[in-house]
Trainee: 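To start, I am sharing the structure in question, which I have written as structure tokens.
All values derive from a computational prediction rather than experimental measurement.
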Amino acid sequence: MQEFLEIAKTDFTATFEGAWIFPLLLVSVACVFRLGQNRVQKLMFGLLPCIFLAVYWCPLTGMLFMRLLGENVYWRILWLILPAMVIPCAGCLIVRKFEGIRRQALFLLLMAVTALGGKSVLSREWFEASTNVYKVPQYVVSVCDLLPENVHVLASNRLTPYLRLYDPSLTLAYARNALIYNAIDADGPLENLYRAVQEPEIDLSVAAPLAREEGCTFIVLSASRTFQGEWEDYGYRKYGETDEFVIFADIDYEEGQDTRKWED
């Protein structure tokens, strides 16, 4: 239960920290109860949001939703359902109480309060200028320029969302955060491989044989990772490197060989 409360608190803070949206949400709920025209409106936009907040913080229901939705999406209950529905409804109820120029002025004021109450989605925290025509991070281009075509690759989580955007001839052992999103069999060898290569210090006696078993001809990992053992002892050799990643290849790989797990 303590772990749940820590996750709920962290997600809640990350969602509403530095913004007016949560106080604005509470004011909007009060406005719906005060100005709502009928019971259905008060139920949908007043009572239900309160129930959602209670469900979010209640350990029993919270842990159930975490199990069903996953820890990484649980917090979306807060911003997908509540503010997007309740705040506009309350704003409309307030605006309809006025007429003429006062209604227009109030509408503009409420829009300004809502806009200033959050963060710009176009901020550098979420977006960065594209550095190439492919609109993928430059470190992806650097890696793909070294990798040959038509090979099966085990890659770092930072690379997997982009590799096939740049070079669709590659096939990947798994997608980014595959275990979290249930994209791989939770009881299979791929899960063990995924877990093994996420460690800061990778045990090659575990990871390398699993990679060979899964047919991973190339392995691309962050240059910051350290290893227990030598890749050469497990049938891989250093193939190349960039500023941020190191590439290892199966010693049996021959240039031009097609090792993909499926065809496009």
Trainee: How about T171 and H152: does a side-chain donor come under 3.5 Å of a side-chain acceptor?
Mentor: yes
Trainee: Does a sphere of radius 6.0 Å around CZ in R103 hold more than 12 heavy atoms from other residues, nucleotides or ligands, not counting ones at 6.0 Å or beyond?
Mentor: yes
Trainee: Test V220 against L147 for side-chain contact (heavy atoms from CB on, under 4.5 Å), laying out the working first.
Mentor: CA-CA 9 Å; V220 189; L147 286 173; 4.3 Å; yes
Trainee: Report the relative orientation of the aromatic rings in F248 and W231; use parallel for angles under 30°, tilted for 30 to 60°, perpendicular for over 60°.
Mentor: parallel
Trainee: Can you name the side-chain hydrogen bond (donor to acceptor under 3.5 Å, both in side chains) partners of T226, sequence neighbours left out?
Mentor: none
Trainee: Could you check whether F98 and F107 have their ring centres less than 6.0 Å apart?
Mentor: no
Trainee: Looking at residues at least two apart in the chain, or sitting in another chain, which of them share a side-chain contact (heavy atoms from CB on, under 4.5 Å) with V141?
Mentor: N132, V136, Q138, D145, Y166
Trainee: Test: salt bridge (charged side-chain N to carboxylate O under 4.0 Å, His left out). Region: residues 211-230. Which pairs qualify, not counting sequence neighbours?
Mentor: R212-D250, R212-D252
Trainee: Suppose we screen for side-chain contact (heavy atoms from CB on, under 4.5 Å). Which residues come up paired with C92, at least two apart in sequence or across chains?
Mentor: none
Trainee: Side chains of F227 and L221: closer than 4.5 Å at any heavy-atom pair?
Mentor: yes
Trainee: Quick one, I247 and V143 - any side-chain contact, counting heavy atoms below 4.5 Å?
Mentor: yes
Trainee: Kindly indicate, with the supporting measurements, whether the criterion side-chain contact (heavy atoms from CB on, under 4.5 Å) is fulfilled by S28 and V32.
Mentor: CA-CA 6 Å; S28 297; V32 170; 5.5 Å; no
Trainee: Apply side-chain contact (heavy atoms from CB on, under 4.5 Å) to L110 and list each qualifying residue two or more places apart in sequence or on a separate chain.
Mentor: V95, L106
Trainee: Establish, from distance only, whether the side-chain atoms of T242 and S142 form a donor-acceptor pair under 3.5 Å.
Mentor: no
Trainee: Roughly how far, to the nearest 0.5 Å, is the OG1 atom of T160 from the CZ atom of R158?
Mentor: 11.0 Å
Trainee: Who passes side-chain hydrogen bond (donor to acceptor under 3.5 Å, both in side chains) against K9, sequence neighbours left out?
Mentor: none
Trainee: Would Y194 and N157 count as a side-chain contact (heavy atoms from CB on, under 4.5 Å) here? Give the steps.
Mentor: CA-CA 10 Å; Y194 178 85; N157 266 330; 3.4 Å; yes
